[in-house]
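Every number for a ligand or one of its atoms is a count from 1 in the order of the listing.
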Amino acid sequence: METVFSGVQPSESPLHLGNYLGAIKNWIELQEKYRCIFCVADLHALTVPKDPQKFPEKIKDMAKIYLAAGIKAEKSIIFIQSSVKEHAELCWILNTIAKIPELERMTQFKEKAERHKKDLNVGLFDYPVLMAADILLYKTQLVPVGEDQIQHVELTRTLAERFNKKFGETFIIPKALVKKEGARIMGLDDPTKKMSKSATSPLNYIALTDSPETIREKIKKAMTDSGKEIKFDPPSKPAISNLLEIYSLCSGQMIGALEKKYAGAESYAEFKNDLAETIISFLSPFQEKFQALDKDDKYVINLLNEGASKAQTIASQTMAEVKTKIGLI
Ligand code: ATP
Ligand code: MG
């Protein structure tokens, strides 16, 4: 059985529709066919400042989000990255074969470095190598991610190939699995940039946990394009195209059908109104499950511990093999 691995960082801000439509939604389907391993990437999250008082809740919330979205603990391994020490260990080994210019080229690093100029830590620079370690530890074949992470999976392939060439066949060369639809949901306040948890304004995203009132408010304030035509054409209508894509993914209706439905509309009002209600109904089953799990910390912690122990069994085997290959005793 082929292995699938992915993860999301427990950032300060909650998960958004982009994370869900671009990544997690696809994980649910993959569970039926593959050995799936999903981690709460808390070590990655440390690359930007975190409040130690709030961080434990964020970590647990992320696991609850996975479960509420439909990841099943009977089928998939769910665990917290930092509870399997091999992630940091393999990251260090891979650091010794990764090249500085390779990491300097990473788009995410360049963007985040710009935002965290005053506190540019080495972790932010090394983020893609830790991600490579995450993936390679489990001999992963497929990595379901949004478009922004393709570059990091490419680097993972480069590092795996380099290691194999230098020390002998060890790692499987993984592939990014990116669905065309939803792979790059744009910010509601700026359709030229991807929707992002670390955006400065909450008006950038719809959080999975946003209340109906907040969703209505955010969609009302979402940027639109000049003119009033509701047409999917990202180069000339980036904002409306993004809203149409979200509408289509949340309602299951084709974009063409939506264009027809709103052809000749006098303004964006009705379209936005319907879109908000569509998102609210789309998120409602998820939110109900999330609220139920919220009361059950003990269940979630148990499940994460079991997941960590299963993950560790695989990771420690890979690490033992890596150590032998490179001559550590
Ligand atoms: P941050 O801004 O803190 O990096 P993020 O929103 O980019 O947060 P991540 O935890 O880095 O979220 O990414 C989790 C997953 O969500 C990844 O697979 C990523 O490719 C996907 N993803 C992130 N943003 C989007 C988006 N706007 N559209 C589609 N997929 C996305
Ligand atoms: Mg990101």
What part of Met186 sits under 4.0 Å from ligand 1 if we count only heavy atoms: the side chain, the backbone, both or neither?
neither
Provide the number and element of each atom of ligand 1 under 4.0 Å from a heavy atom of Lys194.
5 (P), 6 (O), 7 (O), 23 (C), 24 (N), 25 (C), 27 (N)
Which residue owns the protein heavy atom closest to atom 18 (O) of ligand 1, what's the atom, and how far is it?
Gly146 N, 3.2 Å
Provide the number and element of each atom of ligand 1 under 4.0 Å from a heavy atom of Ala23.
15 (C), 16 (O), 18 (O)
For Tyr247 and Tyr262, take the angle between the two ring planes, folded into 0 to 90°, and tell me which bin it lands in: parallel under 30, tilted 30 to 60, perpendicular over 60.
tilted
Does any part of the side chain of Cys36, heavy atoms only, come nearer than 4.5 Å to the side chain of Lys75, both counted from C-beta?
no
Does Gly7 reach ligand 1 with a nitrogen or oxygen that is under 3.5 Å from one of the ligand's nitrogen or oxygen atoms?
no
Would you mind running through ligand 1 and noting each atom that sits below 4.0 Å from a heavy atom of Gly22?
29 (C), 30 (N)
Tell me if a side-chain donor or acceptor on Gln141 pairs with a main-chain N or O of Thr3 at a distance below 3.5 Å.
yes
Within the structure, does Ser6 bring an N/O atom to less than 3.5 angstrom of an N/O atom in ligand 1?
no
Would you indicate which of Gln108, Lys112, Lys197 comes nearest to atom 4 (O) of ligand 1 when only heavy atoms are counted?
Lys112
Kindly assign one of parallel, tilted or perpendicular to the pair Tyr138 and Phe5, based on the angle between their ring planes and the thresholds 30° and 60°.
parallel
Any donor-acceptor pair under 3.5 Å linking the side chain of Ser316 with the backbone of Thr313?
yes
Looking only at distances, please establish whether an N/O atom of ligand 1 is found under 3.5 Å from an N/O atom of Val145.
no
Going by distance alone, is a donor N or O of one side chain under 3.5 Å from an acceptor N or O of the other, for Ser198 and Ser196?
yes
Check ligand 1 against Ser11 and write out every atom of the ligand that is under 4.0 Å from a heavy-atom position of the residue.
3 (O)
What protein heavy atom is closest to atom 16 (O) of ligand 1, reported as residue, atom name and distance in Å?
Asn19 ND2, 3.1 Å
Exercise: do Asp134 and Gln81 side chains pair donor with acceptor under 3.5 Å
yes
Does any donor atom in the side chain of Asp119 or His116 lie under 3.5 Å from an acceptor atom in the other side chain?
no
Below a 4.0 angstrom heavy-atom separation, can you tell me which part of Met195, side chain or backbone, both or neither, approaches ligand 1?
both
So do the side chains of Phe282 and Leu249 get within less than 4.5 Å of each other, counting heavy atoms only?
no
The closest protein heavy-atom partner of atom 20 (O) of ligand 1 is Asp148 OD1, 2.6 Å
Would you mind checking which non-hydrogen protein atom is closest to atom 17 (C) of ligand 1, with the distance to 0.1 Å?
Gln149 CG, 3.9 Å
Hey, does Arg115 come in under 3.5 Å of ligand 1, counting only N/O atoms on both sides?
no
Where is the nearest protein heavy atom to atom 11 (O) of ligand 1: which residue, which atom, and how far?
Gln9 NE2, 3.2 Å
With side chain to side chain contact (heavy atoms under 4.5 Å, CB included) as the test, would you mind laying out the steps for Val48 and Arg115 before giving the verdict?
CA-CA 10 Å; Val48 296; Arg115 252 184 282 159; over 6 Å; no
In the protein, which heavy atom is nearest to atom 27 (N) of ligand 1, and how far is it?
Ile185 O, 2.7 Å
Criterion salt bridge (Lys or Arg N to Asp or Glu O under 4.0 Å) on Glu2 and Lys175, from CA distance to verdict
CA-CA 12 Å; Glu2 289 195 310; Lys175 274 199 208 107; over 6 Å; no
How does Ala199 reach ligand 1, by side chain, by backbone, by both or by neither, if only non-hydrogen atoms under 4.0 Å count?
neither
Under a 4.0 Å N-O cut-off, is there an ion pair linking Glu12 with Lys197?
no
Examine ligand 1 and decide if any of its atoms is less than 4.0 Å from a heavy atom belonging to His44.
no
Do the two ring centres, one from His152 and one from Phe109, sit under 6.0 Å apart?
no
Give the residue and atom name of whichever protein heavy atom lies nearest to atom 6 (O) of ligand 1, and the separation in Å to one decimal.
His16 NE2, 2.7 Å
Starting from atom 30 (N) of ligand 1, find the nearest protein heavy-atom neighbour and note its residue, name and distance.
Gly18 O, 3.2 Å
